[in-house]
Amino acid sequence: MSATRKTKPDADGPRAADFYPTPAWAVDAVASLILDGCPVGTAIYDCGAGEGAILRALARHCSLPESGLLRGCEIRGEAAAACRADGFNVWTLDWLKDDGRAANSLGDSVGAFVMNPPYGGRLNLAQRFVHLALERATPGTAVWALLRMNWLLDGEVTHSRQSWLRNGPGVPDVFALNKRPSFTGDGRADATTYAWMRWAKGAPQSVGAFRILDCHEPP
């Protein structure tokens with residue numbers, strides 16, 4: 001996760017980065033589902049790539065040299081450069097800015113969007129990240145987001161989230177992690193339960209599948 005948080009709700013000035021690297025085991029838990037769902041030759045795109053934690057974890061599961069098909073964008077220049085140094089095609093840009101550059105960064109056909117989006121509180125960043133991924137996706141493309149379980153039910157008063165889900169992209173398939181991930185690099189986790197949530201562009205559903213993933217951290 002690495003994206004933007006405005007300094008003020010109505011500010012257009014400098015933003016600070018929300019940077020919480022995704023542990024590899026949390027990606028390993030869904031890697032086969034993500035890769036199996038991508039048509040051959042299509043790319044996987046991380047909308048807030050950070051220093052490449054998600055892309056790096058997915059690369060370990062690819063049977064072909066997939067670095068050209070593992071791509072994304074990142075607002076912090078030094079982090080995007082680190083991704084490129086690892087062979088990933090990551091642009092330095094703000095996913096939330098509609099200036100054409102985000103669309104250009106998609107390149108060839110994208111088979112899946114994968115993200116650990118920032119939350120942003122009242123700025124509603126996670127919802128905006130998912131919304132834009134679905135908007136920029138082609139029909140049938142999967143959008144995967146690592147989110148808090150309570151995200152599905154929070155935000156109705158402020159952001160009409162439940163109404164947006166019902167009347168927009170539909171309820172996602174939910175793949176719950178049976179362990180609480182640490183995003184701080186020191187192994188500490190809070191009391192929040194997380195899940196990967198999956199939408200398919202153009203195929204909204206009123207009832208999503210639910211599955212508990214058996215996650216394994218490295219020894």
Side-chain angles (χ1 to χ4, degrees), residues 1-5 15 17-20 22 26-27 30-31 33-39 42-50 52-55 57-58 69-76 79-80 83 88-120 123-148 151-152 155 159-175 194-205 208:
M1 177 194 307
S2 184
T4 59
R5 184 197 302 115
R15 297 177 177 184
D18 264 341
F19 182 53
Y20 300 100
T22 307
V27 183
V30 291
L33 295 171
I34 294 170
L35 294 168
D36 290 346
C38 286
T42 61
I44 296 174
Y45 189 100
D46 187 343
C47 307
I54 290 177
L55 297 176
L58 288 173
L69 296 178
L70 292 173
R71 58 184 58 152
C73 64
E74 164 58 35
I75 193 171
R76 297 178 306 127
C83 292
F88 304 122
N89 185 10
V90 173
W91 286 49
T92 303
L93 59 84
D94 185 347
W95 176 250
L96 298 182
K97 283 190 175 179
D98 187 16
D99 60 2
R101 296 182 68 238
N104 290 338
S105 74
L106 299 180
D108 298 329
S109 177
V110 173
F113 290 88
V114 183
M115 68 185 88
N116 176 4
Y119 283 84
L123 294 175
N124 196 28
L125 298 183
Q127 185 172 328
R128 291 169 62 193
F129 263 65
V130 171
H131 171 78
L132 282 175
L134 286 164
E135 187 175 86
R136 291 164 176 162
T138 56
T141 298
V143 173
W144 291 80
L146 182 59
L147 297 163
R148 301 168 183 164
W151 181 88
L152 288 169
H159 305 301
S160 302
R161 182 166 302 133
Q162 293 172 52
S163 301
W164 171 69
L165 288 169
R166 293 191 188 102
N167 300 317
V171 177
D173 294 324
V174 176
F175 299 84
Y194 286 82
W196 285 99
M197 301 186 190
R198 178 181 65 187
W199 292 264
K201 170 68 175 285
Q205 54 188 8

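Nothing here was measured: the structure is a model prediction, and the numbers come from that model. Side chains are part of it too, since the values below use all heavy atoms of this structure and drop only hydrogens, waters and symmetry mates.
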What I'd like to find out is whether the side chain of [X] reaches to under 4.5 Å of the side chain of [Y], using heavy atoms alone.
X: L93; Y: D99; result: no
X: V130; Y: W164; result: yes
X: V27; Y: V114; result: no
X: P172; Y: L152; result: yes
X: D173; Y: W196; result: no
X: V143; Y: M115; result: yes
X: L125; Y: P117; result: no

| message | Whether the side chain of R71 engages the backbone of W91 through a donor-acceptor N/O pair (distance < 3.5 Å, no angle test) should be reported. | response |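 Not a single qualifying donor-acceptor pair exists.
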| task | Taking Y194 for its side chain and A26 for its backbone only, find out whether a donor-acceptor pair lies under 3.5 Å. | result |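 Not confirmed, Y194 side chain does not pair with A26 backbone.
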Rounded distance (nearest 0.5 Å) linking atom [atom1] of [X] with atom [atom2] of [Y]:
X: I75; Y: C47; atom1: CD1; atom2: SG; result: 13.5 Å
X: N116; Y: F129; atom1: CG; atom2: CZ; result: 10.0 Å
X: H159; Y: L123; atom1: NE2; atom2: CG; result: 7.5 Å

Looking at every heavy atom in both [X] and [Y], which two are closest together, and how far apart are they?
X: G48; Y: E74; result: C-OE1, 3.9 Å
X: L58; Y: L35; result: O-CD1, 4.4 Å
X: W151; Y: A126; result: NE1-CB, 3.8 Å
X: V174; Y: A195; result: CG1-CB, 3.7 Å
X: T42; Y: L69; result: O-CD1, 3.8 Å
X: G52; Y: C83; result: N-SG, 3.3 Å

| Pairing residues for A200 by the side chain to side chain contact (heavy atoms under 4.5 Å, CB included) criterion, not counting sequence neighbours |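 Residues passing side chain to side chain contact (heavy atoms under 4.5 Å, CB included) with A200: A203.
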| request: Check side chain to side chain contact (heavy atoms under 4.5 Å, CB included) between R166 and all other residues, then give those that pass, not counting sequence neighbours. | output: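 Side chain to side chain contact (heavy atoms under 4.5 Å, CB included) check on R166 returns Q162.
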| Those residues that, when tested against W144, pass ring pair (Phe, Tyr, Trp, His ring centres under 6.0 Å) (two or more places apart) |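 Result, ring pair (Phe, Tyr, Trp, His ring centres under 6.0 Å) vs W144: F175.
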Throw together a table of side-chain donor-acceptor distances under 3.5 angstrom for residues 131-138, partners on residues two or more places apart or in other chains.
residue, atom, partner, partner atom, Å
R136, NH1, W95, O, 2.8
T138, OG1, T141, OG1, 3.0

| task | Give the C-alpha distance, both sets of side-chain angles, the deciding distance and a yes or no for side chain to side chain contact (heavy atoms under 4.5 Å, CB included) between I54 and L146. | result | CA-CA 11 Å; I54 290 177; L146 182 59; over 6 Å; no
Show me the donor-acceptor pairs, under 3.5 Å and distance only, between side chains in residues 103-111 and residues at least two apart or in other chains.
residue, atom, partner, partner atom, Å
N104, ND2, G100, O, 3.3
S105, OG, Y45, OH, 2.5
S105, OG, A102, O, 2.6

| said: Going by the rule salt bridge (Lys or Arg N to Asp or Glu O under 4.0 Å), which residues pair with R161 if we only count those two or more places apart in sequence or in a different chain? | reply: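 Result, salt bridge (Lys or Arg N to Asp or Glu O under 4.0 Å) vs R161: none returned.
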